[in-house]
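Here's the structure we're looking at; comments come further down.
Predicted, not measured: the structure shown is a model, and the values here were computed from it.
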Amino acid sequence: MFYCIVNPSARSGRGKKIWDGLEEKFKSRGLDYKVVFTKGPGHATRLAKSLTTDEKYLKELPVKIVVMGGDGTLNEVMNGIADFEKTLVGYIPIGSSNDFARDLPYPKNIEDLMDTIVKGEKVRSLDLGKLSFLSMTKPMSRLHGDVISNTRIFDVSSGIGFDAAVCEQALSSGTKNFLNKIGLGKLTYGSIAVRQLLGADKVPCDIILDNGKTIHLNRFIVVAAMIHHYEGGGFNFAPDADLTDGKFDLIYAGDMPAARMFLALILSFFGHYYWIKGIGHQVVSKVTIKTDSPMWVHTDGEVSVKSDHITFECLKEKLHMMN
């Protein structure tokens, strides 16, 4: 049995129409499947949790979940899966960013992608990240879910500071909605980033690595734990990232003027910016971050609350994929 979780709002509301065209792949092979269309923030998480905890679904293992949407929909499903060892995930990327899919050898034709998924076999295993909030503030993002957990799973990246503030604004931005409608949704991050960078709060920050070393920034801008290479619709923040090594590429920026950060942002699109003074890079399996003031935190672009004390931990090859 394949359980399909489809975001009908993906690709500017064309998600359901795209699914209608792909559904024939299941029908033509006589495969059993069920499809549910998501109805808002948190729905995909609740669906995935039910599929991986309710005994009626666990009679046939592994549980096969097909996710059709963007990075946000996939992130919600990750946060609902109760047991990754008993779950296989298929992913059809139809979002505006699709950063998860950029690093994978996916065919451009999503019908070809479906041909792989419907075989129902494990093709690859990828690292996941775990974010733990050691403190949380009451202010919540504009599109937060009903339940705010003190831990979250991420499959692409998680960050605190500048990139999370950009994501928080983008979630309910008229700019994003407009650009999506004209097919330029990938520009959302860049356009909002420029405005956020000029007005971003810059506060002191301590980054405590898994070897005990502490990195102090007097005016930190961003700290991001990257599993994949890309974030924000194609910015190559971690050009050397390994999706299966059980470690993050930890990227941080601080103690630098806005003009230099603008340069770093531009060059990061091409993955050539580590040489800039104020940009740091470490490869770690776990890291703790403390800031003097609460800042927005994101997981795969999803933002819930602010925090001044978090940890990132890498879970080696935790996610098992059918494509």
TODO: Decide yes or no on side-chain contact (heavy atoms from CB on, under 4.5 Å) for Leu243 and His229, but give the supporting numbers first.
DONE: CA-CA 9 Å; Leu243 283 59; His229 296 75; 4.1 Å; yes
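- Side-chain contact between Ile279 and Met256 is present, with heavy atoms from C-beta onward closer than 4.5 Å.
- Within the structure, every pair that satisfies the side chain to side chain donor-acceptor pair (under 3.5 Å) test and touches residues 105-118, not counting sequence neighbours, is listed here: Lys25-Asp115, Arg29-Asp115, Tyr106-Asn323.
- Partner Tyr33 forms a ring pair (Phe, Tyr, Trp, His ring centres under 6.0 Å) with one of Tyr3, Phe26, Phe2 and no other, that one being Phe26.
- The backbone N or O of Asn218 lies less than 3.5 Å from a partner atom in the side chain of Asp255, making a donor-acceptor pair.
- Note that the CD atom of Glu24 and the CG atom of Leu22 stand 10.5 Å from one another [nearest 0.5 Å].
- Looking only at distances, a side-chain donor or acceptor of Arg260 sits under 3.5 Å from a matching main-chain atom of Lys277.
- Looking at Gln282 and Ile207, their side chains never come closer than 4.5 Å, going by heavy atoms from C-beta outward.
- Between Ile81 and Val89, some side-chain heavy-atom pair lies under the 4.5 Å cut-off.
- Side-chain atoms of Asp127 come within 3.5 Å of backbone atoms of Glu317 as a donor-acceptor pair (strictly under, hydrogens ignored).
- Of the N and O atoms on the side chains of Asp71 and Asn75, not one donor lies less than 3.5 Å from an acceptor on the other residue.
- Contact detail for Thr53 and Ala82: the closest heavy-atom pair is CG2-CB, 3.5 Å.
- With salt bridges taken as basic N to acidic carboxylate O contacts below 4.0 Å, none links Asp20 and Lys17.
- The aromatic ring centroids of Phe154 and Phe248 lie less than 6.0 Å from each other.
- Side-chain atoms of Thr137 come within 3.5 Å of backbone atoms of Lys306 as a donor-acceptor pair (strictly under, hydrogens ignored).
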- [ ] Apply the test side chain to side chain donor-acceptor pair (under 3.5 Å) to residues Ser285 and Asp210: give CA-CA distance (whole Å), side-chain angles for both, the deciding distance (0.1 Å), then the verdict.
- [x] CA-CA 7 Å; Ser285 58; Asp210 50 7; 3.0 Å; yes
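- In the hydrophobic clustering of ILVMFWY residues, with side-chain heavy atoms under 4.5 Å counting as a link, Val283 and Phe312 come out apart.
- The only option from Ile266, Ile276, Ile221 that meets the side chain to side chain contact (heavy atoms under 4.5 Å, CB included) definition with Met261 turns out to be Ile221.
- No donor-acceptor distance shorter than 3.5 angstrom exists from the side chain of Asp249 to the backbone of Met226, with no hydrogens or angles considered.
- A donor-acceptor pair under 3.5 Å links the side-chain atoms of Glu60 to the main chain of Met1, judged by distance alone.
- Taking CZ of Phe133 as the reference point, atom CD1 of Ile310 lies at 7.0 Å (rounded to 0.5 Å).
- Taking the six-membered ring where the residue is Trp, the centroids of Phe100 and His228 are separated by under 6.0 Å.
- Residues Asp155 and Ile227 fail the side-chain proximity criterion, which asks for heavy atoms closer than 4.5 Å.
- Leu250 and Leu128 are not part of a single hydrophobic cluster, where members link through side-chain heavy atoms under 4.5 Å apart.
- Side-chain contact between Leu113 and Pro93 is present, with heavy atoms from C-beta onward closer than 4.5 Å.
- Residues Thr214 and Asp206 bring no donor and acceptor atom of their side chains to less than 3.5 Å of each other.
- No continuous path of hydrophobic side-chain contacts links Ile208 to Leu134 [ILVMFWY only; heavy atoms under 4.5 Å].
- For the pair Val287 and Val223, the minimum side-chain heavy-atom distance is 4.5 Å or more.
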- [ ] Carefully, step by step, assess Ile160 and Trp296 under the rule side-chain contact (heavy atoms from CB on, under 4.5 Å).
- [x] CA-CA 6 Å; Ile160 183 170; Trp296 288 118; over 6 Å; no
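- Expressed to the nearest 0.5 Å, how far OG of Ser157 lies from CG of Asp300 amounts to 6.0 Å.
- Ring geometry, His281 versus Tyr274: the interplanar angle falls under 30°, so the pair is classed parallel (tilted spans 30 to 60°).
- Looking only at distances, a side-chain donor or acceptor of His298 sits under 3.5 Å from a matching main-chain atom of Gly159.
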Open item on the list: Between Ile94 and Met68, is the side-chain contact (heavy atoms from CB on, under 4.5 Å) condition met? List the steps.
Closed with: CA-CA 7 Å; Ile94 59 168; Met68 184 171 172; 3.7 Å; yes
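- No donor-acceptor pair under 3.5 Å is formed between the side chain of Ser50 and the backbone N or O of Arg46.
- Under the 3.5 Å distance criterion, the side-chain polar atoms of Tyr91 are matched with a main-chain donor or acceptor of Gly69.
- Within the 4.5 Å cutoff, no side-chain heavy atoms of Met78 are placed close to those of Thr299.
- Checked by atom type and distance alone, the side chain of Asp308 never pairs as donor or acceptor with a backbone atom of Lys290 at under 3.5 Å.
- To the nearest 0.5 angstrom, Lys59 atom NZ is 9.0 Å from Asp54 atom CG.
- Taking 4.5 Å as the limit, every side-chain heavy atom of Ile153 sits out of range of all side-chain heavy atoms of Leu319.
- Rounding to the nearest 0.5 angstrom, the gap separating the CG atom in Leu315 from the CG atom in Leu126 is 12.5 Å.
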Open item on the list: Could you go through Asn7 and Glu76, starting from their C-alpha distance and side-chain angles, then the distance that decides it, and tell me whether this counts as side-chain contact (heavy atoms from CB on, under 4.5 Å)?
Closed with: CA-CA 11 Å; Asn7 181 355; Glu76 284 202 9; over 6 Å; no
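- Summarising the geometry, atom NE2 belonging to His320 is positioned 12.5 Å from atom CE belonging to Met322; distances are rounded to the nearest 0.5 Å.
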